[in-house]
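Here's the structure, in structure tokens; my notes come after.
A note on names: the letters A, B, ... follow the listed sequences, proteins ahead of strands, and every chain is numbered from 1. No experiment lies behind these values; they were computed from the predicted model shown.
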Amino acid sequence: MKCEPAAYTIDDLKRDKTTSWEGVRNYQARNFMRDMQLGDEVLFYASNADPSGVTGIAEISRAAYPDPFALKKGHKYFDEKATKDDPIWVSVELRLVEKFDEIVSLETLKNTKGLEEMVVTKKGSRLSIQPVTAREFEIVAKLGRR
DNA sequence: GCCAACGTTGGC
DNA sequence: GCCAACGTTGGC
């Protein structure tokens, strides 16, 4: 799950312990969120950062529920097409598992064996939520704990 | 249903 | 700040 540091960081999550992940307004990303199960672990990725990369691990502490802001008129996440019966967009809640000792930069991801197929290393991979295989997850976690 | 125009993302 | 790579919108 990606986020720009200006919006939210792993340190913010460390302070807050848990946070709700709202405002995703892309159908593909939403579908990934909808599939997330309680306890699923996610790589927390800082985008548009210096450097960009994975800064830690979080877990799903609440599975998908309707994103309340989609119904909130005037809110920046408001969507006029969303209704109570069909909220369209969902949120999940995250809990911090660990902040990495060091950031696993995008450059490192690109240069690490076994991560050749990892979505985030591909060109034009803008999606804010992307699938990660268990194997990729373990490789990245190991790098971050060094 | 096509596609041009437009907006956004995010690496660089 | 540039711009490639998208996703979305809306006229037709």
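The side chain of Tyr45(A) places an N or O atom within less than 4.0 Å of a non-bridging phosphate oxygen (OP1 or OP2) of dG11(B). An OP1 or OP2 oxygen of dG10(B) is reached within less than 4.0 angstrom by no side-chain nitrogen or oxygen of Lys122(A).
To the nearest angstrom, C1' of dT8(B) lies 11 Å from CG of Asn48(A). The distance from atom CD1 of Ile129(A) to atom P of dT8(B) is 19 Å, rounded to the nearest whole Å. For the pair Tyr27(A) OH and dC6(C) P, the computed distance is 20 Å after rounding to whole Å. Atom OH of Tyr77(A) is separated from atom C1' of dT8(B) by 13 Å (rounded to the nearest Å). Asn26(A) places its CG atom 13 Å from the P atom of dC6(C), with the value rounded to the nearest Å. Between the CD atom of Glu107(A) and the P atom of dC12(B) there is a distance of 8 Å, given to the nearest Å. Between the NZ atom of Lys2(A) and the C1' atom of dT9(B) there is a distance of 8 Å, given to the nearest Å. When the P atom of dT8(C) is taken as reference, atom CZ of Arg126(A) falls 9 Å away, rounded to whole Å.
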Steps toward salt bridge (charged side-chain N to carboxylate O under 4.0 Å, His left out) verdict (Glu116(A), Lys110(A)): CA-CA 7 Å; Glu116(A) 295 86 355; Lys110(A) 283 179 173 171; over 6 Å; no
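Of the charged side-chain nitrogens involved, at least one lies within less than 4.0 Å of a carboxylate oxygen, so that Arg25(A) and Asp67(A) count as a salt-bridged pair.
Aromatic ring orientation, Tyr27(A) versus Trp89(A): tilted (interplanar angle from 30° to 60°).
With hydrogens and angles left out, the side-chain atoms of Ser105(A) and Glu107(A) include no donor and acceptor closer than 3.5 Å.
Considering only side-chain atoms of Lys81(A), the nucleotide from dA4(C), dT9(C), dG10(B) that sits closest is dT9(C). Taking only side-chain atoms of Gln28(A), from C-beta outward, the nucleotide of dG7(C), dG11(B), dA4(C) with the closest atom is dG7(C).
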